[in-house]
Each structure stands twice: as structure tokens, then as C-alpha cells.
Amino acid sequence: MRFQRYINRIIVSTAFGVCFVATGCDKEEDVVPVINNTVAGAILKGVGYNTLEALLGKANLAITLDGTGPFTVFAPDDSAFATSGINLSYINSLSQQEAQAIMLYHTLNSKALVDDLPAGPNAKVTTFNGDSIFVTKNASGVYVNGAKIIQNDITVDNGIIHKIDRALNPPVGTITQTIFVNGLDSLYKAIARATNDTTGDVGLTNTLNTSTITMFAPTDSAFISLLTAFSLTDINEIPVDTLVDILSYHIAQGMI
């Protein structure tokens with residue numbers, strides 16, 4: 001069974017010692033069955049949660065989220081992870097600490113039904129590891145950092161699961177740092193040119209580094225289309241003033 005194979009990969013402490021991945025677990029009593037009706041069990045048994053299951057395993061948090069809780073997990077399915085550009089190869093490339101940061105950013109150390117979540121807009125909610133997510137309720141639905149809850153109040157013995165339509169990215173710094181980490185190379189290059197120490201726009205630099213903003217981030221393919229429209233081949237050929245105008249048009253004040 002897939003679940004049993006997963007369980008046997010977990011390092012399990014017992015009164016008689018420790019069973020490691022390298023040696024396997026021969027004794028049934030040495031295995032902690034993380035297939036209960038808990039947050040961890042629901043992820044392991046759920047259909048379409050392979051990426052989240054891999055993240056849970058990489059983070060070594062299955063036993064934690066099988067515990068007493070209560071917990072609330074905002075759970076992206078495989079499609080939501082794919083929409084966010086995250087696949088199993090990416091999960092496997094993470095360190096345990098990096099995987100934990102992502103998993104716990106989707107987790108609250110409390111039980112929160114959708115009616116318990118603040119209305120916002122952009123109401124601050126503290127995650128399991130002390131970061132912040134932002135909740136907005138409106139006529140279109142309930143959103144967490146812009147990700148929509150598409151199935152809410154999935155009740156398990158130790159908490160609640162809300163299925164969301166894309167993954168949540170833990171904050172890593174300023175807008176510019178986040179763009180760099182997420183591989184938006186053309187946008188990062190455009191910002192670097194538009195905010196150059198000697199020729200760039202001071203106002204845009206201050207906005208990106210110090211203001212609370214939302215940026216609608218053009219992809220690399222969007223910049224290719226832009227260059228084609230300008231009959232250019234390189235972002236550095238776009239006049240700085242034009243880049244400043246383009247980037248400013250993609251920025252809104254506050255968190256939306």
C-alpha cells in the first residue's frame with residue numbers, strides 16, 4: 001500500500017530505540033500509523049494531494065499534524081501546486097527546513113472554520129510558524145493571500161482543512177527579493193534597470209523597497225511580447241522612463 005510505504009519512510013522513536021530509513025522497520029509496533037482521521041491522515045489518503053503529501057514528508061511534519069492539534073491547513077491539491085509552478089522535482093530539491101517553512105505557512109495552530117476567519121479585506125492571520133497570511137471575504141468567496149478557498153470546512157479529528165486553488169508562498173523579503181526567488185528573470189532585470197543607482201527612478205525604488213504594495217507581475221513571456229511590440233531584443237534597450245511607467249502601471253498600493 002502507498003500509505004504503508006510512506007509510513008515506513010518516517011523515522012520512528014520507540015521505547016526500544018529508533019528505526020531509520022536505511023534499515024527499515026520490521027516490527028509492527030515500531031510503526032506510527034499516520035493514517036488516522038487527522039490532518040496528516042487526510043493528506044495521505046486524499047485523492048489529488050501527491051505534491052502536498054511529498055511536501056509533508058519532506059518537512060518531516062506528518063507525525064506533528066497527526067497529533068492533538070487543533071490545526072487548520074489551507075491545502076493546495078496537485079492542480080493548485082502546478083498552477084503555482086511547484087512540482088515534485090521542486091519539492092524534492094528543498095531542504096527539510098525550507099519544506100517546513102512552506103508547509104507551516106499553510107498551517108494555523110488553531111481550529112478555524114471559514115466563518116471563524118476574519119472578513120478583511122486583507123485581515124492579518126498568524127500562521128503556525130509566526131508568519132502572516134491575509135484573508136479577504138467578499139461576494140466572490142474567501143481568499144487567503146489571493147488564493148481562493150474552493151472547498152471549506154473539511155473536518156478531521158484534530159482540526160480543519162480548507163482546499164485552496166493555488167499554493168501560498170512564504171514571504172522572503174521585499175517585492176524585488178520575492179521576484180528574484182520566484183524566477184521572474186525578465187521582471188527582475190526590468191526593475192534593476194528602472195531603479196539603477198545612477199539612472200533609475202528614486203520614487204519607484206522607494207515604493208518597491210518600503211511601501212506595502214501589490215504587484216501584478218508580468219512573466220518572461222509577457223516581456224518577450226513587449227519587446228516584440230517595441231521591435232527590440234533586450235530589456236536594456238527599453239528607455240528607463242518607459243520601464244518606470246510600465247512597472248508603475250503594474251503596482252497598486254496596499255495588499256489586494
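Residue numbers start at 1 and run along the sequence shown. Since the structure is predicted, the reported quantities are computational estimates derived from the model, not experimental observations. Atom set for the values below is all heavy atoms of this structure, side chains included, hydrogens, waters and symmetry mates excluded.
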Report the C-alpha distance between Thr207 and Ile213 in whole Å, list the side-chain angles of each, state the deciding distance to 0.1 Å, and finish with yes or no for side chain to side chain contact (heavy atoms under 4.5 Å, CB included). CA-CA 8 Å; Thr207 296; Ile213 62 173; 3.9 Å; yes
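- Residues Ile235 and Met215 are members of one and the same hydrophobic cluster, defined by side-chain heavy-atom contacts under 4.5 angstrom among Ile, Leu, Val, Met, Phe, Trp and Tyr.
- Listed by chain and residue number, Thr233 satisfy the side-chain hydrogen bond (donor to acceptor under 3.5 Å, both in side chains) test with Glu237 (two or more places apart in sequence, or in another chain).
- Heavy-atom minimum distance, Ala190 versus Leu247: O-CD1, 3.9 Å.
- The shortest side-chain heavy-atom distance between Ile161 and Gln151 does not fall under the 4.5 Å cut-off.
- Under the ring-ring contact (aromatic ring centres under 6.0 Å, His included) criterion, Tyr105 pairs with no residue, sequence neighbours left out.
- Contact check for Phe230 versus Leu227: no side-chain heavy atoms found under the 4.5 Å cut-off.
- Listed by chain and residue number, Lys124, Phe134 satisfy the side chain to side chain contact (heavy atoms under 4.5 Å, CB included) test with Ser132 (two or more places apart in sequence, or in another chain).
- Side-chain heavy-atom separations under 4.5 angstrom define the hydrophobic clusters, and the remaining members of the one that includes Ile160 are Leu113.
- The two residues Pro76 and Ala167 make their nearest non-hydrogen contact at CG-CA, 3.8 Å.
- Asn129 contributes atom CG, which lies 11.0 Å from atom CD1 of Ile102 (distance to the nearest 0.5 angstrom).
- Of the inter-residue distances, the one linking Gln100 atom CD with Lys58 atom NZ reads 11.5 Å to the nearest 0.5 angstrom.
- Of all non-hydrogen atoms in Val135 and Pro118, the two that sit nearest each other are CG1-O, 3.3 Å.
- By the 4.5 Å heavy-atom criterion applied to side chains, His250 and Leu187 are not counted as neighbours.
- Leu56 and Leu94 fall within a single hydrophobic cluster, where Ile, Leu, Val, Met, Phe, Trp and Tyr are joined by side-chain heavy atoms under 4.5 Å apart, directly or via other members.
- For the atom pair CG of Asp153 and OG1 of Thr155, the computed distance is 6.0 Å after rounding to the nearest 0.5 Å.
- Side-chain contacts under 4.5 Å among hydrophobic residues (ILVMFWY), followed directly or transitively, place Tyr249 with no other residue at all.
- Cluster membership check: Ile149 does not share its hydrophobic cluster with Tyr143, using side-chain heavy-atom separations under 4.5 Å among Ile, Leu, Val, Met, Phe, Trp and Tyr.
- Cluster annotation: Phe128 is not connected to Val144 through the hydrophobic network of ILVMFWY side chains, with a link wherever side-chain heavy atoms come within less than 4.5 Å.
- The side-chain heavy atoms of Leu52 and Met103, taken from C-beta on, include a pair separated by under 4.5 Å.
- The nearest pair of heavy atoms linking Ala40 to Ala62 is CB-O, 3.3 Å.
- Distance alone, capped at 3.5 Å, places no donor-acceptor pair between the Asn50 side chain and the Glu53 backbone.
- Within the 4.5 Å cutoff, no side-chain heavy atoms of Thr107 are placed close to those of Leu61.
- The side chain to side chain contact (heavy atoms under 4.5 Å, CB included) search around Val240 returns Arg193, Thr199, Val244, not counting sequence neighbours.
- Between the side chain of Thr72 and the main chain of Leu108, no donor-acceptor pair closer than 3.5 Å is present.
- Not a single side-chain hydrogen bond (donor to acceptor under 3.5 Å, both in side chains) links Asn92 to another residue, sequence neighbours left out.
- To the nearest 0.5 Å, atom CG of residue Leu44 and atom OH of residue Tyr49 are 12.5 Å apart.
- When the side chains of ILVMFWY residues are joined at heavy-atom separations under 4.5 Å, either directly or via intervening members, Leu208 and Leu243 end up in a single hydrophobic cluster.
- For Asp115, there are no side chain to side chain contact (heavy atoms under 4.5 Å, CB included) partners, not counting sequence neighbours.
- A donor-acceptor pair shorter than 3.5 Å can be found between the side chains of Asp66 and Thr38.
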Test log, rule side chain to side chain contact (heavy atoms under 4.5 Å, CB included), inputs Leu55 and Phe81: CA-CA 11 Å; Leu55 179 65; Phe81 272 113; 4.2 Å; yes
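- One finds the CG atom of Asn196 at 13.5 Å from the CD1 atom of Ile191 (value rounded to the nearest 0.5 Å).
- Asn158 places a side-chain N or O within donor-acceptor distance of the main-chain N or O of Val39, the cut-off being under 3.5 Å.
- The pair Asp220-Lys189 does not meet the salt-bridge criterion, since no charged nitrogen lies less than 4.0 angstrom from a carboxylate oxygen.
- Judged as a side chain to side chain contact (heavy atoms under 4.5 Å, CB included), and not counting sequence neighbours, Ser231 has no contacts.
- Residues Leu88 and Thr51 have side chains in contact (heavy-atom distance under 4.5 Å, counting atoms from C-beta outward).
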Test log, rule side chain to side chain contact (heavy atoms under 4.5 Å, CB included), inputs Leu168 and Ile164: CA-CA 9 Å; Leu168 308 178; Ile164 53 179; 3.9 Å; yes
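- Residues Phe74 and His106 keep their aromatic ring centres 6.0 Å or farther apart.
- With contacts defined as side-chain heavy-atom distances shorter than 4.5 Å, the pair Leu204/Ile251 qualifies.
- For the pair Ile246 and Leu226, the minimum side-chain heavy-atom distance is below 4.5 Å.
- A salt bridge (Lys or Arg N to Asp or Glu O under 4.0 Å) check over residues 130-150, counting only residues at least two apart or in different chains, returns nothing.
- Minimum interatomic distance between Thr126 and Gly130 (heavy atoms only, all atoms of both residues): CG2-CA, 3.8 Å.
- Residue Val202 is found outside any hydrophobic cluster, as its side-chain heavy atoms come under 4.5 Å of no other Ile, Leu, Val, Met, Phe, Trp or Tyr.
- With sequence neighbours excluded, the residues satisfying salt bridge (Lys or Arg N to Asp or Glu O under 4.0 Å) with Asp77 are Lys163.
- Not a single donor-acceptor pair under 3.5 Å links the side chain of Asn145 to the backbone N or O of Ala147.
- Rounding to the nearest 0.5 Å gives a distance of 6.5 Å between CD1 of Ile224 and OG of Ser186.
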